[in-house]
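Hydrogens, waters and symmetry mates play no part in the numbers below; they use all other heavy atoms, side chains included. Throughout, a chain's letter reflects where its sequence line sits, starting with A, and its residues are numbered from 1.
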Amino acid sequence: MSSPGGRAASAPLLGHEIEPTVFELSVPGRSAFQLRTTGVPATPLRDLILARHLAAAPVALAEVSERDLVGHYTRLTHRQFSVDLGAYPLGSCTMKYNPKFCDAVAADPGLNSVHPGAPASLSQGWLELLVTLESKLCAITGMAAATLQPAAGAAGELTGLLLMRAYHEANGDVRRRVLIPDSAHGTNPASVTLGGYEVTTIPSNDRGLVDLAALKAALGPDVAGIMLTNPNTLGLFEEEIVEIAAAVHEVGGLLYYDGANLNAILGVIRPGDMGFDIVHMNLHKTFATPHGGGGPGAGPVAVSPRLVDFLPGPRATRATQGDYVWSTPARSIGRVHGWHGNAMVLARALAYIDVHGGEGLTRVAQHAVLNANWLRERLRATLPAAYDRVCMHECVLTATGIKDEFGVRGLDVAKGLLEEGFHSPTVYFPLIVDEALMFEPTETESLQTLESLAASLERLAERARRDPDGLHRAPQTTPVSRVDEARAARHLIATEDAAQR
Amino acid sequence: MSSPGGRAASAPLLGHEIEPTVFELSVPGRSAFQLRTTGVPATPLRDLILARHLAAAPVALAEVSERDLVGHYTRLTHRQFSVDLGAYPLGSCTMKYNPKFCDAVAADPGLNSVHPGAPASLSQGWLELLVTLESKLCAITGMAAATLQPAAGAAGELTGLLLMRAYHEANGDVRRRVLIPDSAHGTNPASVTLGGYEVTTIPSNDRGLVDLAALKAALGPDVAGIMLTNPNTLGLFEEEIVEIAAAVHEVGGLLYYDGANLNAILGVIRPGDMGFDIVHMNLHKTFATPHGGGGPGAGPVAVSPRLVDFLPGPRATRATQGDYVWSTPARSIGRVHGWHGNAMVLARALAYIDVHGGEGLTRVAQHAVLNANWLRERLRATLPAAYDRVCMHECVLTATGIKDEFGVRGLDVAKGLLEEGFHSPTVYFPLIVDEALMFEPTETESLQTLESLAASLERLAERARRDPDGLHRAPQTTPVSRVDEARAARHLIATEDAAQR
Amino acid sequence: MLAFLGMDSLDQLFAHIPASVRLAQGLDLESGMSEPDVAAVFAEYSAANRGQLSRLTCFAGAGAYDHEVPAVVKMLSSRSEFVTAYTPYQPEVAQGVLQAIFEFQTMVSRISGLPIANASLYDGATALVEALNMAAGATHRQKVVISSGVHPHWRAVAATFARGTGHEVVVVPFKDGVNDWDRVDTTGAAAIVVAYPNYLGVLEDLSAARALATSRDALFVVCGDPLAAGVLKTAGDWGADVFVGEGQPLGTALSFGGPFLGLFACTIEQIRRLPGRIVGETVDSNDRRAFVTTLRAREQDIRREKATSNVCTNQTLMAVTAAIQLGWLGTQGYAEIATRCAQGAHYLHDRLLAIEGVTAVSSQPFLREFALRLPRRADDVLDDLVGAGILGGLSVESLAGAHDPSLEGDTADVVLIAVTERRTRVELDHYADVLSKVLS
Amino acid sequence: MLAFLGMDSLDQLFAHIPASVRLAQGLDLESGMSEPDVAAVFAEYSAANRGQLSRLTCFAGAGAYDHEVPAVVKMLSSRSEFVTAYTPYQPEVAQGVLQAIFEFQTMVSRISGLPIANASLYDGATALVEALNMAAGATHRQKVVISSGVHPHWRAVAATFARGTGHEVVVVPFKDGVNDWDRVDTTGAAAIVVAYPNYLGVLEDLSAARALATSRDALFVVCGDPLAAGVLKTAGDWGADVFVGEGQPLGTALSFGGPFLGLFACTIEQIRRLPGRIVGETVDSNDRRAFVTTLRAREQDIRREKATSNVCTNQTLMAVTAAIQLGWLGTQGYAEIATRCAQGAHYLHDRLLAIEGVTAVSSQPFLREFALRLPRRADDVLDDLVGAGILGGLSVESLAGAHDPSLEGDTADVVLIAVTERRTRVELDHYADVLSKVLS
Ligand SMILES: Cc1ncc(COP(=O)(O)O)c(C=O)c1O
Ligand SMILES: Cc1ncc(COP(=O)(O)O)c(C=O)c1O
């Protein structure tokens with residue numbers, strides 16, 4: 001299947017030709033690198049380092065010219081969908097358009113060429129930026145203080161659970177369980193386990209919300225807390241949140257807010273006001289960091305006053321004399337990142353918040369919710385919502401109807417949408433909805449785009465009737481056609497070298 | 001044919017979907033711009049400017065969000081071939097890969113944010129750069145001095161012709177004609193006309209070179225000079241250049257070197273040493289400026305000592321005290337550009353020259369010539385060369401064989417090559433070769449790429465036999481299929497507004 | 001590869017070149033340096049440019065302005081498909097560039113108020129030359145009458161190229177900042193050329209010039225600022241046959257003067273004489289919309305010595321950038337920029353005029369640029385401003401020399417000051433305060 | 001759009017949210033500013049960072065290094081298809097990211113000398129935590145034995161997360177810069193963790209640690225510098241079961257510490273316990289090669305509380321960048337960088353040791369970083385160097401606190417100095433000259 005080594009492919013027809021790997025393009029002796037002339041004496045390595053440490057043979061990497069390197073990776077980008085190319089209504093992921101201005105901020109060498117270990121006196125600008133961001137995130141979430149260290153949402157969750165643990169332990173309280181609704185994102189239960197707790201799953205009621213009775217039944221003195229995302233992963237607001245908070249607090253538990261869905265509530269309601277004690281935010285969903293094909297992100301965790309002392313350290317703070325210093329809270333759980341977190345992502349977030357201001361952020365939420373509801377309503381006859389009422393920033397539709405009638409599954413619809421030029425919605429999540437298709441249009445897509453998306457879905461529903469087999473085989477017009485996922489797992493080839501074997 | 005206004009398209013399938021125009025995406029009231037808050041009083045315009053100057057209605061531009069703007073132009077790039085995507089063996093155009101380093105140099109605000117009218121005291125770095133570049137270009141061409149003002153090759157040609165004219169006029173010499181070989185690039189005769197001369201065309205001999213006898217016959221006291229590119233546009237070196245130079249000089253004419261093909265001779269032979277008096281260079285072909293879809297370029301003109309006094313001004317020069325000043329030569333023909341030429345292109349060229357040095361530039365020429373000869377030889381049986389011997393940086397092949405046998409023209413082969421993922425060669429140029437296919441592989445394409453290109457051409461030759469009709473219809477797998485050029489000219493629609501009418 | 005050619009050295013490839021003139025020793029250049037080493041050299045050039053924007057607040061204009069160019073425009077226009085493509089000779093794989101040019105043409109057509117625009121020329125000055133050539137071709141006449149309000153560099157370029165074409169260039173002197181037509185002989189004119197605003201910033205009522213062109217049967221050529229139509233009448237509104245302009249303000253950096261962007265628009269009547277490329281809409285073989293360069297028979301590669309122009313490489317990347325920048329501005333932003341320039345310019349104008357010894361050069365209306373007469377040599381005053389972090393404008397002397405028909409009296413004490421939408425009130429006040437100190 | 005929903009205000013969309021807890025007044029934040037205004041605020045942050053590279057020559061390291069990152073790598077890795085894509089859940093339209101990750105995995109596999117590598121983790125420190133979790137899972141034991149040569153921050157992060165997992169973390173003290181295994185109880189260890197080079201720069205013979213891991217039936221985890229294998233043995237050569245590393249040196253800017261890049265590689269035996277994503281090769285329905293994320297059943301979205309890790313968003317863009325940077329370096333450049341680092345570091349080491357009062361912390365070999373004991377508090381000395389334009393390294397005190405098992409005696413007077421291939425001899429000599437002045 002691999003091309004012969006050294007074959008420099010012709011350009012793909014703008015995305016539609018298999019691209020050799022960089023190793024297949026490699027030709028011994030070629031290279032692209034150029035380094036400074038330093039004048040440092042070129043002492044032979046054997047005179048510097050004991051022979052037993054030296055490699056027997058050099059590590060073989062790809063050997064390509066700069067020209068081939070550029071050709072290769074540019075061609076790969078023509079085989080890749082992205083927000084900049086079109087709508088990406090992938091529910092739970094908030095694939096909105098992020099202003100290029102925020103990227104430009106992060107490209108400033110005055111920020112990105114600062115060494116993380118430089119003393120505070122040499123990085124006052126950074127410390128001020130972090131302090132400012134922290135206070136704005138607190139204003140947004142209604143919390144008292146925050147750590148900016150966690151590198152992503154899941155890291156924030158685990159940090160939050162360790163804060164929960166430290167808090168209970170400081171109270172001499174041994175607790176074993178954390179409650180999680182059955183609709184929760186997979187990172188929640190995984191984080192609970194890593195936090196040293198057991199998961200107790202709370203079922204949803206027939207409105208797609210936490211079953212309050214079941215919740216109360218599960219509560220007890222061994223419950224450390226509950227993790228909720230609100231709106232939940234069905235895009236529905238937990239309307240009984242005040243009651244839930246009271247019940248959990250009553251048994252001495254803490255409330256954790258999974259803030260990946262913050263886009264829905266900015267300026268409308270704050271986790272702190274709902275009674276949450278701990279909130280993580282996915283800055284890469286809500287605050288202007290593009291996803292980068294899977295990362296990086298940033299998952300700051302904000303807490304209520306009683307948890308501030310436990311926050312990870314060091315934290316940037318403002319000293320009384322006016323300059324900024326690093327300090328570690330009295331009962332800190334310690335570091336959760338090698339340095340200060342994903343600083344460049346944090347900078348982007350602050351720029352985004354500053355551009356929007358309070359009203360701008362509120363508008364973000366309003367329009368995110370408006371767009372999701374418009375789409376839900378518009379598709380009512382084609383793909384009905386799993387729970388038919390006003391949703392928040394995303395809506396979970398179901399393809400059961402199409403499946404029962406024509407044998408076309410949600411996955412087929414999702415793959416068919418790729419042929420229409422849109423990215424697919426999230427499929428089969430949350431797990432509690434049959435044939436779930438989870439759409440999150442975000443506030444950055446226009447009505448025209450939503451209309452076009454709806455029309456495509458209607459076309460696909462029609463095609464399900466007319467040509468179900470075609471849809472089973474979709475997509476065909478994409479850079480590659482439907483991919484054999486099972487084979488990849490069955491016969492693992494995870495490196496070029498495995499491919500060669 | 002146009003999409004309805006405001007339709008935000010789905011993303012194209014990575015290049016294969018028609019993209020609406022930005023005007024079709026426009027929705028009244030949308031915008032993307034953000035400006036500084038200046039605090040300047042917002043005095044109503046009518047209080048500042050007489051009503052008779054004010055527009056009755058605003059000019060209507062597209063109204064799109066930043067998100068739509070980005071989607072639109074990003075999608076357009078997925079409908080565009082480029083050097084960074086693959087080989088572009090377009091003869092006479094030198095579509096080589098240009099190091100990204102040179103682009104980075106040109107992005108430095110220390111260079112690109114300097115106002116061209118700033119006094120020399122504020123732009124010493126620029127003046128030094130220009131002086132340095134001028135001297136290096138002179139070393140490369142073997143000339144005495146150069147103007148950096150012309151914005152492209154054709155502008156350089158016309159500048160050169162005006163220098164020729166000024167020189168003769170200064171000698172009280174009235175001359176009427178300029179000789180041009182029949183293989184010359186179209187800009188040469190066009191420039192001659194604009195220079196106020198008449199063109200006398202010199203035929204090529206059966207070796208594809210200037211017919212020396214015909215040249216001598218055409219010479220006379222009314223001949224201002226000759227314009228030659230050497231290697232000529234057939235990729236062949238004018239071997240009798242010394243004799244040609246002597247003959248032209250003998251009648252008092254000057255020799256103009258069209259340096260668009262400088263890539264072939266860098267470090268091998270210099271126009272000055274061949275006897276040329278005037279040389280223009282296409283920095284955008286030879287010296288690291290990507291073509292930008294058609295420009296910008298830069299076309300400096302270097303001259304022999306007797307023409308230095310006539311150069312355009314102002315020129316950057318080094319004053320005796322060591323700093324750099326602008327000065328205008330005594331008998332300058334005047335300005336040929338609004339400012340100092342395409343400065344950022346000039347900066348790129350200097351960076352490129354500095355990285356390569358003398359030996360590096362020589363290697364450029366050697367490999368450019370090697371690659372062209374390899375391709376010519378490799379395709380001997382498929383598409384024979386119009387003149388079968390060692391060529392320089394490009395080779396002109398002919399499709400007459402295929403045409404006579406299968407009715408497949410050179411154009412069909414060129415279009416077929418697009419389906420293979422390569423850019424087409426130049427077709428039907430130079431005009432003196434029947435069914436010309438002019439390939440310039442350049443030094444930046446690897447042997448592997450050339451092999452792949454040759455294999456594609458062989459496949460096409462085979463296809464000409466098997467499926468000539470298919471080739472007549474090629475390309476079909478490209479973003480659009482074969483385009484109706486005649487219709488565009490017959491029924492001109494050169495703006496959105498014309499399209500609407 | 002050599003072996004395949006039956007050769008054993010690279011030198012053999014060049015054996016057919018006469019040895020007598022071949023380089024024996026190689027080029028007389030330094031050895032190559034690594035890219036980071038060259039970067040260090042360039043960092044020195046860069047550091048030596050005291051005039052860069054991060055060091056001085058820019059009030060210089062004269063066709064090159066410090067406008068806002070957002071990150072999004074830089075990002076899109078530097079996408080490598082736009083940057084590393086050639087002229088779109090193969091439309092099937094060049095729809096990206098072709099469509100962007102088509103959109104650019106539409107925008108230039110609208111801001112010029114004329115139906116046809118080309119795909120760009122080198123810069124404003126050389127675009128003017130093309131307009132003169134068009135007029136000469138249309139009228140079969142040689143005389144071109146150019147207002148002295150046209151940028152002195154443009155006039156200089158026109159004069160240079162007139163040596164080749166043989167055009168007789170007549171420059172119209174000014175009286176109180178507007179053209180004094182009566183002082184020149186306009187009979188037999190191929191073109192009447194004016195600037196709007198003119199290079200001193202002044203807006204002149206163009207009715208008289210238009211009437212003159214009509215009476216002489218000459219083409220009426222308007223040299224314009226591409227941002228002016230944000231609030232002002234277009235060239236088309238004033239009856240222009242041809243519009244030429246410097247497109248730098250549309251998203252291109254100051255760039256020490258290049259690459260800039262020559263804009264060219266004209267009436268339908270002149271289309272067969274249009275210089276340079278033009279993109280048209282058509283269909284592909286499957287009847288889907290497609291774009292292609294068209295009316296190619298005018299161009300040098302086909303028409304050769306009879307071509308309308310010798311232009312080949314133009315400034316496409318800047319044209320694409322301009323289209324993106326105008327897309328970013330939109331209808332609203334386009335008007336807003338022009339409005340803010342006018343507001344800032346008038347504010348500064350009034351503050352500076354209040355300074356003892358500073359007088360106006362003209363009483364005519366202006367948009368974003370204006371000329372003032374100072375009590376001392378302008379270049380000396382400008383020098384003094386640099387210390388306070390101000391690039392205070394350009395002296396007319398530096399643009400036009402010691403004397404110029406556009407000014408009655410000396411040029412040496414006249415300064416040309418431009419104010420863009422990026423200048424804050426604080427900066428304008430600072431300018432006024434510093435100038436008054438410098439002049440006192 | 002509201003009308004379509006039968007609503008007449010945006011507020012109605014939120015009517016189902018309990019009014020009692022809804023925000024009445026909106027957020028307590030300043031009003032929004034335009035992008036250029038925010039840019040001005042950020043320019044102030046930027047200016048206040050005296051430590052930026054253009055102002056100080058960087059000798060700081062400890063996992064974050066000032067390596068050459070060429071324009072070509074920045075350009076390619078900032079192509080918006082890489083930047084604005086999500087996790088490649090739909091492989092049919094994500095072959096660009098998937099193939100780039102596949103290539104990255106191959107490169108990490110080769111430089112670690114281990115057959116399996118994942119698609120990235122957050123950073124080196126959190127990658128170490130994943131390795132400990134893997135070891136605990138593989139051995140069903142809780143004790144992890146970590147060399148004090150592992151970066152103090154990494155050890156701190158491991159300790160933090162151990163509170164949740166319940167791991168017992170045992171830190172091995174140093175004697176003469178190498179692990180003193182005998183001073184800790186390694187029975188029942190799930191993992192033996194060493195660093196190579198260690199955070200003080202030292203290269204320790206890993207045979208003893210490997211033997212220990214074998215004897216305890218523990219996983220042997222090597223924390224490595226991803227550039228070291230340019231000249232040194234790989235983790236795999238030393239017999240590692242797991243390699244973790246901080247990938248910043250592979251094309252990522254210093255970035256004030258993030259986003260960085262967690263590298264993770266392991267043996268085939270551990271594949272079902274691999275944290276995070278992995279991309280595999282497969283075919284599409286037309287039997288053409290395609291890439292896809294695979295072995296998904298380990299991951300949190302499927303396995304939930306039983307997942308091998310909770311990681312979801314990782315650092316893909318940095319991984320893609322690293323692949324491109326390693327492509328740029330190639331076999332030769334990769335070895336060259338490591339060689340030059342070693343040469344520069346040894347040159348400076350020798351020059352500094354010649355200064356009165358400066359002594360070596362260890363007599364062991366090193367690669368590009370080394371620790372020296374100064375006659376005064378290191379942070380004070382570093383402060384003095386700043387005036388001469390030098391960021392002279394990092395004090396061990398600032399990394400590890402006042403005392404650390406990695407050092408016998410105080411940390412306060414120990415400085416850690418890194419030399420990359422970007423440091424010139426002139427810069428190294430300048431450092432030595434200034435330091436000797438500062439200390440005299
Ligand atoms: C609801 C929810 N919670 C948590 C996460 C985890 O965040 P991250 O991917 O940044 O670790 C996500 C996103 O993937 C999410 O959608
Ligand atoms: C041989 C030759 N001469 C002159 C030119 C004209 O150069 P330019 O396009 O820069 O005006 C070209 C390129 O197009 C050319 O190939």
*asked:* So B:Ile49 and C:His346, do their side chains get closer than 4.5 Å, heavy atoms only?
replied: yes
*Checking C:Phe14 against chain B: side chain, backbone, both or neither under 4.5 Å from a heavy atom?*
side chain
_So for C:Ile111, is it side chain, backbone, both, or neither that comes closer than 4.5 Å to the heavy atoms of chain B?_
both
*Contact class of B:Arg165 relative to chain C, heavy atoms under 4.5 angstrom*: side chain
*So which part of B:Val22 gets closer than 4.5 Å to some heavy atom of chain C, the side chain, the backbone, both or neither?*
both
*Select one option (side chain, backbone, both, neither) describing which atoms of C:Thr294 are under 4.5 Å from chain B's heavy atoms.*
side chain
*asked:* Please classify the contact between C:Arg79 and chain B as side chain, backbone, both or neither, with a heavy-atom cut-off of under 4.5 Å.
replied: side chain
_Portion of C:Ala307 that has a non-hydrogen atom of chain B nearer than 4.5 angstrom_ = side chain
*Where does B:Pro312 contact chain C at under 4.5 Å (heavy atoms): side chain, backbone, both or neither?*
neither
*Between C:Gln95 and chain B, which part of the residue has a heavy atom less than 4.5 Å away: side chain, backbone, both or neither?*
both
_Proximal component of C:Ile302, with respect to chain B [non-hydrogen, under 4.5 Å]_ = neither
*asked:* Report which part of C:Ser309 has an atom under 4.5 Å of a heavy atom belonging to chain B: side chain, backbone, both, or neither.
replied: backbone
_Does any backbone or side-chain atom of B:Thr37 lie under 4.5 Å from a heavy atom of chain C? Answer side chain, backbone, both or neither._
backbone
*Does any heavy atom of chain C fall under 4.5 Å from the side chain of B:Met344, the backbone, both, or neither of them?*
both
*Contact origin within B:Asn98 toward chain C - heavy atom pairs under 4.5 Å*: neither
*asked:* For B:Glu485, is there any backbone N or O sitting under 3.5 Å from a side-chain donor or acceptor partner on C:Thr282?
replied: no
*Tell me, side chain or backbone of C:Asp379 under 4.5 Å from chain B's heavy atoms, or both, or neither?*
neither
*Is there a donor-acceptor pair under 3.5 Å between the side chain of C:Gln105 and the backbone N or O of B:Ala494?*
yes
*At a heavy-atom separation under 4.5 Å, does B:Leu90 approach chain C through its side chain, its backbone, both, or neither?*
side chain
*Residues in side-chain contact (heavy atoms from CB on, under 4.5 Å) with C:Ala125, at least two apart?*
C:Asp123, C:Trp154, C:Val157
*asked:* Given heavy-atom pairs under 4.5 angstrom as the criterion, report whether the side chain, backbone, both or neither of C:Leu56 touches chain B.
replied: side chain
*Check whether any side-chain heavy atom of B:Arg79 lies under 4.5 Å from a side-chain heavy atom of C:Glu81, and answer yes or no.*
no
*Under a 4.5 Å cut-off applied to non-hydrogen side-chain atoms, are B:Asn342 and C:Gln315 in contact?*
yes
*Heavy-atom distances under 4.5 Å only: say whether B:Leu69 touches chain C with side chain, backbone, both or neither.*
both
*Assess whether side chain to side chain contact (heavy atoms under 4.5 Å, CB included) is satisfied between C:Leu23 and B:Ile269, documenting all intermediate values.*
CA-CA 5 Å; C:Leu23 272 174; B:Ile269 185 167; 5.8 Å; no
*Below 4.5 Å from any heavy atom of chain C, which atoms of B:Ala42 appear? Answer side chain, backbone, both or neither.*
both
*Select one option (side chain, backbone, both, neither) describing which atoms of C:Thr165 are under 4.5 Å from chain B's heavy atoms.*
both
*Non-hydrogen atoms of chain C under 4.5 Å away: do they reach the side chain of B:Glu359, the backbone, both or neither?*
side chain
*Hey, does B:Tyr73 have a side-chain heavy atom less than 4.5 Å from the side chain of C:Glu103?*
yes
*Could you go step by step and tell me if B:Val40 and C:Glu421 meet the side chain to side chain contact (heavy atoms under 4.5 Å, CB included) rule?*
CA-CA 9 Å; B:Val40 172; C:Glu421 83 292 348; over 6 Å; no
*Side-chain donor/acceptor of B:Thr193 to backbone N/O of C:Glu305, under 3.5 Å*: yes
*Can you check whether B:Arg30's main-chain N or O pairs, donor with acceptor, with C:Gln332's side chain at less than 3.5 Å?*
no
*With no hydrogens and no angle check, is any side-chain donor or acceptor of C:Thr84 less than 3.5 Å from a backbone partner on B:Ser82?*
no
*Contact part of B:His337 toward chain C, heavy-atom cut-off under 4.5 Å: side chain, backbone, both or neither?*
both
*Check whether any side-chain heavy atom of B:Arg36 lies under 4.5 Å from a side-chain heavy atom of C:Arg423, and answer yes or no.*
yes
*Within the distance-only criterion (no hydrogens, no angle test), does the side chain of B:Glu63 pair as donor or acceptor with the backbone N or O of C:Gly330 below 3.5 angstrom?*
no
*Evaluate the side-chain proximity of B:Ser31 to C:Tyr334: yes if any heavy-atom separation is below 4.5 Å, no if none is.*
no
*Just do the side chain to side chain contact (heavy atoms under 4.5 Å, CB included) check on C:Arg50 and B:Leu122 with the steps written out, would you?*
CA-CA 5 Å; C:Arg50 295 198 295 137; B:Leu122 300 180; 3.6 Å; yes
*asked:* Is C:Val231 close to chain B through its backbone or its side chain, or both, or neither, when contacts mean heavy atoms under 4.5 Å?
replied: both
*Counting heavy atoms not belonging to C:Asn286, are there more than 12 under 6.0 Å from its CG?*
yes
_Heavy-atom cut-off 4.5 Å, strictly under: side chain, backbone, both or neither for C:Val320 against chain B?_
neither
_Please report whether the ring centroid of C:Phe256 lies less than 6.0 Å from that of B:His340._
yes
*Is it the backbone or the side chain of B:Leu48 that comes under 4.5 Å from a heavy atom of chain C, or both, or neither?*
both
*Measure from the side-chain N and O atoms of B:Thr187 to the backbone N and O of C:Asn310, and report whether any donor-acceptor pair falls under 3.5 Å.*
no
_Residue selection (most heavy-atom pairs with chain C, distance under 4.5 Å) from B:Pro41, B:Gly297, B:Ala298_ = B:Pro41
_If we ignore hydrogens and angles and just use 3.5 Å, is the side chain of B:Ser481 paired with the main-chain N or O of C:Ser285 as donor and acceptor?_
yes
*asked:* Run B:Arg378 and C:Met1 through side chain to side chain contact (heavy atoms under 4.5 Å, CB included) and show every step you take.
replied: CA-CA 10 Å; B:Arg378 175 71 157 69; C:Met1 294 175 83; over 6 Å; no
_Just so I understand: if I count every heavy-atom pair under 4.5 Å between each of B:Gly334, B:Ser191, B:Gly196, B:Ala154 and chain C, which residue has the most?_
B:Ala154
*Examine whether an atom of B:Ile353 lies under 4.5 Å from a heavy atom of chain C, and if so say whether it belongs to the side chain, the backbone or both; otherwise answer neither.*
side chain
*Can you tell if the side chain of C:Leu13 reaches within under 4.5 Å of the side chain of B:Val268, non-hydrogen atoms only?*
no
*When rounded to the nearest 0.5 angstrom, what distance separates CD in C:Glu336 from CD in B:Gln34?*
12.5 Å
*Are any side-chain N or O atoms of C:Asn49 and backbone N or O atoms of B:Leu111, one a donor and one an acceptor, separated by less than 3.5 Å?*
no
*Under a 4.5 Å heavy-atom cut-off, does chain B meet the side chain of C:Ser80, its backbone, both or neither?*
both
*Are side-chain heavy atoms of B:Asp108 and C:Phe42 found at a separation under 4.5 Å?*
no
*Mind telling me whether B:His291 and C:Tyr86 have parallel, tilted or perpendicular rings, with 30° and 60° as the class edges?*
tilted
*What part of B:Leu45 gets closer than 4.5 Å to chain C, counting heavy atoms only: side chain, backbone, both or neither?*
side chain
*Indicate the atoms forming the closest heavy-atom contact of B:His115 with C:Ala64, along with that distance.*
NE2-O, 2.8 Å
*Any donor-acceptor pair under 3.5 Å from C:Arg110 side chain to B:Ala60 backbone*: yes
